[in-house]
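Let me begin by presenting the structure, written as C-alpha cells, before commenting on it.
Just so it is clear, the model here is predicted, and its values are computed rather than measured. Chain letters run A, B, ... following the sequence lines, proteins first and then strands; every chain starts at 1.
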Protein chains: 2
Amino acid sequence: MIPTDTHDTGTCQRISELLSRIGDKWTLLIVRALGQGPKRFSALKRELGSISQKMLTRTLRNLERDGFVDRKVTPVTPPQVEYALTPLGMDLFRPIAALAEWTFAHADAIDAARHAYDARHPDPDHRAA
Amino acid sequence: MIPTDTHDTGTCQRISELLSRIGDKWTLLIVRALGQGPKRFSALKRELGSISQKMLTRTLRNLERDGFVDRKVTPVTPPQVEYALTPLGMDLFRPIAALAEWTFAHADAIDAARHAYDARHPDPDHRAA
DNA sequence: CCGCATCCCGTCCGATACTG
DNA sequence: CAGTATCGGACGGGATGCGG
C-alpha cells in the first residue's frame with residue numbers, strides 16, 4: 001500500500017498540474033540544457049535543434065513565470081537574452097532526476113508490458129498502422 | 001549544477017513521455033484511489049466524481065497497457081471488473097510521492113513566483129479575463 | 001538577435017446516446 | 001454494470017512572416 005494518506009485530492013491535482021507542465025514536449029529538454037549553465041536564446045535553439053522559436057519562447061516564459069528560470073536581458077544591439085536556472089529550478093530537478101532514474105531502470109519492463117498488451121489485444125485500429 | 005550527464009537526450013525524451021502520460025488530467029487521481037486497494041469501475045467513477053466514463057476507461061486502459069494496473073474481469077451478470085495496482089505500479093509511485101512532497105513543500109514559492117511575474121507583466125490578454 | 005502574430009492541423013477531453 | 005460510438009469544443013504545437 002502506498003502512503004497516499006498524506007496527500008489529499010487537492011494536493012494530488014496540484015501535483016498533476018505540475019507534472020503536466022513539466023511533462024510537455026520541451027520543458028525537460030530545456031531544463032536539462034540549462035542545467036549545464038546559463039545559455040542564450042539562440043544557443044538553446046541551436047542545441048535543441050527541432051524546436052520552433054514559438055515553442056522555445058513559450059516554454060521559457062512558463063518556466064520563468066513559475067520561478068524555475070531567470071531571464072536576463074542585456075540591452076545592447078543586437079539584443080542579448082540569457083536564461084539560467086534559479087535555485088528553485090535546480091532544486092526541482094532533484095525529485096525529477098529520481099523519477100528519471102526510475103524510468104531508466106524500468107523502461108524495458110514498461111516496453112514489455114506494452115508489447116504483451118498489444119499482443120493480447122489484436123485491435124489494429126487505434127494503434128497507428 | 002545538476003548531474004544531468006548521466007541522461008542523454010533520448011533518455012530525457014523517454015522521461016518526458018512518461019511524465020506526459022502520468023501528468024494528464026486523471027491518472028494521478030486514479031492511481032491514488034487504487035493505492036488504497038483494488039476497486040471496481042463504478043466505485044472508481046463514484047470516488048472521482050467528475051470524470052466521464054470515457055476518460056475513466058481510457059485512462060485505465062493506458063495504465064493497464066503500461067503494466068501499472070491489473071484488470072480482472074469476473075464474467076457474471078451483471079459484469080464485474082476490478083482494477084488494482086500491479087507491483088510495478090506501486091513501485092512507480094515511490095518517486096512520484098517524492099515529487100508530490102516537493103510540490104507540496106514548494107507550492108507557495110511557485111504561487112509567489114507566478115504572482116510576481118503576473119504583476120511584472122500587466123498583459124491582460126493571455127491570462128483569462 | 002529576440003520575439004510576436006497568424007494560420008492551421010492533430011489530439012485531448014467532455015457530453016450524450018447506445019449495447020451486452 | 002462496464003464499455004463503445006459519435007460529435008464538437010478547446011488546446012498544443014508546427015510553419016511562416018513581421019517588428020523591435
Considering the options L28(B), T103(B), V31(B), which one meets the side chain to side chain contact (heavy atoms under 4.5 Å, CB included) requirement together with C12(A)?
L28(B)

Taking the side chain of [X] as heavy atoms from C-beta outward, which of [options] is closest to it?
X      : options                 : result
V81(A) : dC1(C), dA2(D), dG3(C)  : dG3(C)
F41(B) : dC1(C), dC4(C), dA2(D)  : dA2(D)
Q53(A) : dT16(D), dC1(D), dC1(C) : dT16(D)
R61(A) : dG3(D), dC1(D), dC4(C)  : dC4(C)

Classify R46(B) by what it touches in the nucleic acid, base, sugar-phosphate, or nothing, heavy-atom distance under 4.0 Å.
nothing

Grab the [atom1]-[atom2] distance between [X] and [N] for me, whole Å please.
X       : N       : atom1 : atom2 : result
L56(B)  : dC13(C) : CG    : C1'   : 14 Å
K45(B)  : dC1(D)  : NZ    : P     : 11 Å
K39(B)  : dA2(D)  : NZ    : C1'   : 18 Å
N62(B)  : dC12(C) : CG    : C1'   : 12 Å
E64(B)  : dA2(D)  : CD    : P     : 15 Å
H121(A) : dT4(D)  : NE2   : P     : 10 Å
L60(B)  : dC13(C) : CG    : C1'   : 16 Å

Return no unless some side-chain N or O of R40(B) is found under 4.0 Å from OP1 or OP2 of dA2(D).
yes

Does Y83(B) place a side-chain N or O at less than 4.0 Å from the phosphate oxygens OP1/OP2 of dC1(D)?
no

Please report the shortest heavy-atom distance between [X] and [Y], naming the atom on each side.
X      : Y      : result
S16(B) : K25(A) : OG-O, 4.4 Å
L88(B) : D66(B) : CD2-O, 3.9 Å
L44(B) : A33(B) : CD2-CB, 3.8 Å
P95(A) : D91(A) : CD-O, 3.4 Å

Interatomic distance, L56(B) atom CG to Y83(B) atom OH [nearest 0.5 angstrom]:
7.0 Å

If you measure from CZ on R58(B) to OG1 on T27(B), what distance do you get to the nearest 0.5 Å?
11.0 Å

Could you list the protein-to-nucleotides 9-13 of chain D atom pairs, N/O on both sides, closer than 3.5 Å?
{"residue": "dG13(D)", "atom": "OP1", "partner": "K25(A)", "partner atom": "N", "Å": "3.4"}

